[in-house]
Amino acid sequence: MKKEDTVKLISAEGFEFIIDKKAAMVSQTIRNMLTSPGSFSETEHGRVSFPEISTTILEKICQYFHWSLQYASGKETEFHIEPELTLELMMAANYLHT
Amino acid sequence: MAMYIRIKRSKTTYFMQCDPSETIMDIKQKVSALIDQPVNDQRLTLMSTGEVLDDSKTLADQKVENDAVVALTLRKDDNEFEEVNIVRPVDFFKSGDAEGAGNW
């Protein structure tokens, strides 16, 4: 995993999650940010801030991205979601088109 | 992708994709590509057991599983390694729920 192949996602509280671009592109919203022509500052610096997504939720989302890739490659496991995170996670998923 | 681990230090988390047959040295080399720190200045600790991971052994050997949290510590100027430092977010949902429950 090279530095250029990663993207940094930043939560509301300023926590940073560095993940593979392939994983981040499970989200259609992030895919658009990273691949659209024109100069999104996100595309150039490989960092995206989410001032409305809390750290706990953003970490769960990153875990989901990776789980999703594993699932697509045939490793069928369950993805566990704590009941108290459900609502916020759904709102974030809606925003991220995930 | 076979598995991933979460490498944490301070407020940063690296989601590292890897294979159970990779050694800790392999992982450290991947980390050094991201943070410009030589492998010798890195130490990885498995958080679930508190065990410092051995360079020559593989992830599978040391029971590092998918989604495991591994702490990254770096060598300080005095040649010692820093303490494990992982900042957690203040989880207001859980604490809020616990407090709110009494009010209903």
Side-chain angles (χ1 to χ4, degrees), chain A residues 1-26 46-47 49-50 53-92, chain B residues 1-20 22 24-39 42 44 47-48 59-60 64-72 85-101 104:
Chain A
M1 187 157 85
K2 280 178 287 179
K3 205 169 182 175
E4 311 84 78
D5 298 334
T6 64
V7 59
K8 184 185 276 186
L9 308 182
I10 304 169
S11 74
E13 296 89 357
F15 284 62
E16 300 181 340
F17 296 93
I18 291 90
I19 68 173
D20 195 295
K21 274 187 183 168
K22 278 199 214 79
M25 286 190 196
V26 168
R47 48 185 286 159
S49 287
F50 294 103
I53 302 182
S54 74
T55 307
T56 313
I57 298 294
L58 193 57
E59 176 151 27
K60 201 76 193 171
I61 289 168
C62 292
Q63 286 172 289
Y64 174 78
F65 289 161
H66 288 82
W67 174 87
S68 177
L69 292 184
Q70 290 176 350
Y71 194 88
S73 66
K75 191 177 160 198
E76 298 193 10
T77 53
E78 296 225 342
F79 186 71
H80 178 74
I81 295 172
E82 292 79 354
E84 65 271 23
L85 298 182
T86 319
L87 177 63
E88 248 212 306
L89 201 58
M90 273 169 55
M91 295 193 308
Chain B
M1 178 186 57
M3 65 179 281
Y4 69 91
I5 56 174
R6 287 177 282 159
I7 301 178
K8 290 180 176 257
R9 177 172 181 261
S10 187
K11 292 170 85 173
T12 303
T13 304
Y14 301 89
F15 278 72
M16 185 71 73
Q17 300 186 10
C18 44
D19 195 87
E22 285 182 86
I24 301 306
M25 184 50 82
D26 295 330
I27 302 297
K28 287 184 177 177
Q29 275 160 358
K30 292 205 250 180
V31 172
S32 70
L34 296 176
I35 63 166
D36 301 326
Q37 290 284 345
V39 291
Q42 300 173 26
L44 296 173
M47 289 311 284
S48 55
L59 292 168
V64 181
E65 290 171 345
N66 191 35
D67 196 41
V69 176
V70 174
L72 168 67
N85 172 25
I86 297 176
V87 183
R88 287 167 191 273
V90 181
D91 209 333
F92 53 90
F93 307 103
K94 282 178 188 161
S95 61
D97 282 348
E99 285 163 23
W104 288 95

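Just so it is clear: chains get the letters A, B, ... in the order the sequence lines come, proteins before strands, and each one is counted from 1.
- Around CD of A:Glu78, the count of heavy atoms belonging to other residues, nucleotides or ligands within 6.0 Å does not exceed 12.
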Apply side-chain contact (heavy atoms from CB on, under 4.5 Å) to A:Asp20 and B:Met16, showing your working.
-> CA-CA 8 Å; A:Asp20 195 295; B:Met16 185 71 73; over 6 Å; no
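- Taking CZ of B:Arg88 as the start and CZ of A:Phe15 as the end, the distance is 10.0 Å to the nearest 0.5 Å.
- A distance of 9.0 Å separates OH in B:Tyr4 from SG in A:Cys62, rounded to the nearest 0.5 Å.
- Within a 6.0 Å sphere centred on NZ of A:Lys22, heavy atoms belonging to other residues, nucleotides or ligands number 12 at most.
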For the pair B:Asn66 and A:Gln70, evaluate side-chain contact (heavy atoms from CB on, under 4.5 Å) and give the outcome as yes or no after the intermediate values.
-> CA-CA 11 Å; B:Asn66 191 35; A:Gln70 290 176 350; 3.0 Å; yes
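- Counting only heavy atoms from C-beta outward, the side chains of A:Gln63 and B:Arg6 approach each other to under 4.5 Å.
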Would you check, one step at a time, whether the test side-chain contact (heavy atoms from CB on, under 4.5 Å) holds for B:Thr13 with A:Ile18?
-> CA-CA 6 Å; B:Thr13 304; A:Ile18 291 90; over 6 Å; no
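- For B:Phe15 against A:Glu59, the heavy-atom pair with the smallest separation is CZ-O, 4.0 Å.
- Within the 3.5 Å criterion, the main-chain N or O of A:Glu13 finds a donor-acceptor partner in the side chain of B:Lys11.
- At distances below 3.5 Å, at least one donor-acceptor pair connects side-chain atoms of A:Lys75 with backbone N or O atoms of B:Ala2.
- Within a 6.0 Å sphere centred on CE of A:Met91, other residues, nucleotides and ligands contribute more than 12 heavy atoms.
- To the nearest 0.5 angstrom, A:Phe17 atom CZ is 9.0 Å from B:Thr12 atom OG1.
- Only the side chain of A:Thr6 comes within contact range of chain B, judged by heavy atoms closer than 4.5 Å.
- Put simply, the side chain of B:Gln17 reaches to within 4.5 Å of the side chain of A:Leu69, judged on heavy atoms.
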